[in-house]
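The structure under discussion appears below in the form of structure tokens.
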Amino acid sequence: MQNRLTIKDIARLSGVGKSTVSRVLNNESGVSQRTREKVEAIVNQHGFSPSRSARAMRGQSDKVVAIIVSRLDSLSENLAVQTMLPAFYEQGYDPIMMESQFSPELVGEHLQMLSHRNIDGVVLFGFTGITEELLASWQSSLVLLARDANGFSSVCYDDEGAIELLMEKLYAQGHRHISFIGVPHSDVTTGKRRHDAYLACCQRYQLEPLSVLPGLAMKQGYDHVAEVLTPQTTALLCATDTLALGASKYLQQQRIENLQLASVGNTPLMKFLHPEIVTVDPGYAQAGRQAAAQLIEQVNGRADLRQIVIPARLA
Ligand SMILES: O=P(O)(O)OC[C@H]1O[C@H](O[C@H]2O[C@H](CO)[C@@H](O)[C@H](O)[C@H]2O)[C@H](O)[C@@H](O)[C@@H]1O
């Protein structure tokens with residue numbers, strides 16, 4: 001019933017004009033107490049709420065934001081979303097969740113749909129293939145997470161810093177044969193930046209690098225870890241906790257016990273299963289909070305576009 005009634009119907013049922021109903025709905029002055037109560041009674045009786053399009057035409061906000069994650073099963077993205085949601089709720093925003101599956105086409109479709117729905121803003125977990133052109137009309141109402149783009153607000157992780165901290169720690173522990181399992185360079189952040197940082201550290205510490213870059217999936221960690229294990233290897237640096245979980249299953253099955261694992265993530269699952277692992281916290285929780293705060297400030301005209309980088313820290 002709620003969706004079928006229009007302001008015109010409420011006006012007719014209340015015996016007043018449309019503009020009076022509009023004033024009551026917007027809590028504006030110029031309406032007598034008696035009329036206000038009469039209109040409110042009709043509104044409540046019929047569970048009426050003005051349509052999205054009517055509100056949009058009046059330039060009013062629905063206080064709805066969209067969060068486009070890349071994968072609903074990503075541990076790291078979930079940690080960021082977990083702090084983002086309360087930050088939005090606190091400010092009266094209803095978040096809706098969508099998934100891109102790393103497809104720029106799907107992001108384009110989602111954004112097009114959202115632009116028809118009077119959405120206030122979007123937090124987009126960015127990835128390789130997302131272009132400034134694709135996001136062009138969202139400049140003031142979008143915050144990118146995990147990736148930056150010219151002319152857009154973003155909250156990024158310090159990929160190089162995270163690897164440097166881990167390499168420093170492993171080197172200080174006496175490891176001189178540190179292998180690396182990561183993600184292909186087509187993925188600029190988790191892939192290229194983390195691997196390049198590993199190679200640079202190997203050069204700095206005069207270590208022989210040995211790496212394999214299978215991808216983001218746990219099974220890939222399991223399937224490929226053997227390729228970087230030699231009789232000399234004493235430590236294995238994993239670009240993500242998920243890869244480390246896959247690798248550790250392999251090590252367990254093969255009863256390889258004297259290898260120090262290290263990874264970027266510090267996710268609760270990793271801490272629970274492998275408290276002995278050396279991890280770096282890239283700041284997923286902080287990133288979620290900051291992205292939500294930036295978006296809210298931005299869409300309310302209280303903040304300029306900002307590029308934020310969350311510092312990594314040893315856990
Ligand atoms: O295995 P996960 O818990 O999913 O963590 C793996 C990495 O996920 C994130 O990076 C990936 O998604 C980003 C969008 O959120 C994308 O920009 C990046 O290219 C992907 O690799 C996260 O940013 C990394 O810190 C995680 O290590």
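Counting starts at 1 for both ligands and their atoms, in listed order.
Screening Leu106, Leu114, Ile96, Val123 for a side-chain contact (heavy atoms from CB on, under 4.5 Å) involving Ile68 leaves a single residue, Leu114.
Contacts of Thr189 with ligand 1, taken as heavy-atom pairs under 4.0 Å, involve the side chain alone. Only side-chain heavy atoms of Arg194 come within less than 4.0 Å of ligand 1; its backbone N, CA, C and O stay farther off.
With respect to atom 1 (O) of ligand 1, the closest heavy atom belonging to the protein is Thr242 OG1, 2.5 Å. Protein heavy atom closest to atom 10 (O) of ligand 1, with residue, atom name and distance, is Thr190 OG1, 3.2 Å. With hydrogens left out, the protein atom closest to atom 14 (C) of ligand 1 is Gly126 O, 3.2 Å, a heavy atom. When hydrogens are left out, the protein atom nearest atom 5 (O) of ligand 1 is Ser76 OG, 3.0 Å; that is the closest non-hydrogen contact.
Counting the atoms of ligand 1 from 1 in the order shown, those under 4.0 Å from a heavy atom of Thr240 are 6 (C), 27 (O). Each of the following atoms of ligand 1 lies closer than 4.0 Å to a heavy atom of Asp187: 18 (C), 19 (O), 20 (C), 21 (O). For ligand 1, the atoms lying closer than 4.0 Å to a non-hydrogen atom of Glu77 are 12 (O), 14 (C), 15 (O). Listed by number with element, the atoms of ligand 1 under 4.0 Å from a non-hydrogen atom of Ser74 are 2 (P), 3 (O), 4 (O). Ligand 1 places these atoms under 4.0 Å from at least one heavy atom of Leu75: 3 (O), 4 (O). Interface atoms of ligand 1 facing Tyr284, defined by a heavy-atom separation under 4.0 Å, are 24 (C), 25 (O), 26 (C), 27 (O). Counting the atoms of ligand 1 from 1 in the order shown, those under 4.0 Å from a heavy atom of Phe125 are 14 (C), 15 (O).
Side-chain contact check for Thr230 and Thr233: at least one donor-acceptor pair (N or O, by modelled atom type) lies under 3.5 Å. For His177 and Thr234, the side-chain atoms include no donor-acceptor pair closer than 3.5 Å. Side chain to side chain, Gln82 and Tyr284 fail the donor-acceptor criterion of an N or O pair below 3.5 Å.
Closest approach of Leu166 and Ala262 over heavy atoms only: CD2-CB, 4.2 Å. In plain terms, the two heavy atoms of Pro214 and Gly182 that are nearest each other are CD-O, 3.0 Å. Listed here is the closest heavy atom pair of Ala11 and Lys18: CB-N, 3.8 Å. Heavy atoms only, all atoms of each residue included: His195 and His185 are closest at ND1-NE2, 2.8 Å.
For ligand 1, none of its N or O atoms has an N or O atom of Thr128 under 3.5 Å away. For the pair Tyr157 and ligand 1, the shortest N or O to N or O distance does not fall below 3.5 Å. Of the N or O atoms in Ala239, none lie within a sub-3.5 Å distance of an N or O in ligand 1. Taking any N or O of Arg147, backbone or side chain, none lies under 3.5 Å from an N or O belonging to ligand 1.
For the residues Arg71, Arg193, Met270, Lys192, the heavy atom positioned nearest atom 12 (O) of ligand 1 is part of Arg71.
Distances from ligand 1 to the non-hydrogen atoms of Met218 include no value under 4.0 Å. Residue contacts with ligand 1: Gly265 is excluded, as none of its non-hydrogen atoms falls under 4.0 Å. Residue Leu216 places a heavy atom under 4.0 Å from ligand 1.
Glu40 places no side-chain N or O within 3.5 Å of a backbone atom of Val24 that could act as its donor or acceptor partner. Side-chain atoms of Glu77 come within 3.5 Å of backbone N or O of Ser70 as a donor-acceptor pair.
Residues Leu165 and Ile163 form no side-chain contact, since every pair of their non-hydrogen atoms from C-beta on lies 4.5 Å or further apart. In this structure, Arg23 and Val39 have side chains that are not in contact, with every pair of non-hydrogen atoms separated by 4.5 Å or more.
A salt bridge does not link Arg193 with Asp196: none of the charged nitrogens is closer than 4.0 Å to a carboxylate oxygen.
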